[in-house]
Amino acid sequence: MRLVFLGPPGAGKGTQAEILSEKTGLPHVSPGDVFRKAVRDGTPLGRRAKEYMDAGRLVPDDITVGIIKEKITSADCSRGFILDGFPRNIKQAEALEQIMAETGLRIDAAVDFHVSTEVLIERSVGRRVCRSCGATYHVKHNPSRRGDLCEVCGGPLVQRDDDREETVMRRLAVYEEQTAPLVEFYRRKGLLRRVNGDQPLASVTAEVGAVLSDLGIGER
Ligand code: AMP
């Protein structure tokens with residue numbers, strides 16, 4: 001099963017990808033997570049990526065495509081993968097097609113998370129992440145039982161630099177301009193599936209499950 005999760009920032013793609021990854025054992029592949037880890041580790045990639053992330057802009061395609069190619073062609077991904085946050089523009093989608101052609105594989109579906117703008121802003125601005133392990137919470141919808149500390153590792157919960165309101169607005173504009181055309185790209189290929197991401201977390205999970213069983217894709 002090779003899945004692409006599409007949708008604007010704050011749509012809940014990452015949360016749903018994590019849940020599906022637990023259920024199916026398929027790796028959750030997210031360039032955003034790779035970049036955030038590189039920033040935490042202080043690597044050259046992290047320093048480069050941070051400039052773009054803090055400005056709410058996309059990291060250049062050559063960097064991002066290289067990272068994703070390495071991940072999805074690794075042994076870990078031999079049974080499939082859940083791509084969350086990639087592709088994010090037409091060039092990246094074409095690069096993904098090329099990688100699939102080279103490996104003789106194909107994408108099974110692109111799941112688009114449809115969410116209203118007010119909900120997107122509220123979700124991003126209220127999101128908190130663990131500075132140590134990257135686990136994600138929301139001040140209202142999914143608070144940590146340990147207050148300002150991570151339930152998993154006890155690390156401090158902080159707001160992502162790119163979740164400040166001004167940057168969120170910029171990321172939404174980048175989404176509209178560069179990523180939204182991918183909905184049509186995958187529709188034309190007959191791969192597009194839509195879920196209503198405006199609902200509570202568990203209802204979205206149920207809808208994703210229904211889409212996958214419709215495709216004949218079961219859980220582990
Ligand atoms: P995310 O966690 O998916 O919201 O990604 C956080 C940030 O990482 C984005 O705002 C971009 O700066 C960068 N990023 C994530 N995915 C991509 C991508 N496919 N192409 C370029 N930049 C990306």
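Order of listing sets the numbers, starting from 1, for every ligand and every atom in it.
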Does Q98 have any side-chain contact (heavy atoms from CB on, under 4.5 Å) partners at least two apart in sequence or in another chain, and if so, which? E102
Ligand 1: which residues have a non-hydrogen atom closer than 4.0 Å? P31, G32, F35, R36, M53, R57, L58, V59, T64, G85, F86, R88, Q92, R160, D162, R171
R47 side chain to G42 main-chain N or O, any donor-acceptor pair under 3.5 Å? yes
Residues R164 and Q159: side-chain donor-acceptor under 3.5 angstrom: yes
Who else is in V115's hydrophobic cluster (ILVMFWY, side-chain heavy atoms under 4.5 Å, direct or via others)? V119, L120, I121, V125, V168, M169, L172
Please identify each residue that fulfils salt bridge (Lys or Arg N to Asp or Glu O under 4.0 Å) with K91, with sequence neighbours left out. none
If you measure from the Lys or Arg side-chain nitrogens to the Asp or Glu carboxylate oxygens, is any gap between R106 and D108 under 4.0 Å? yes
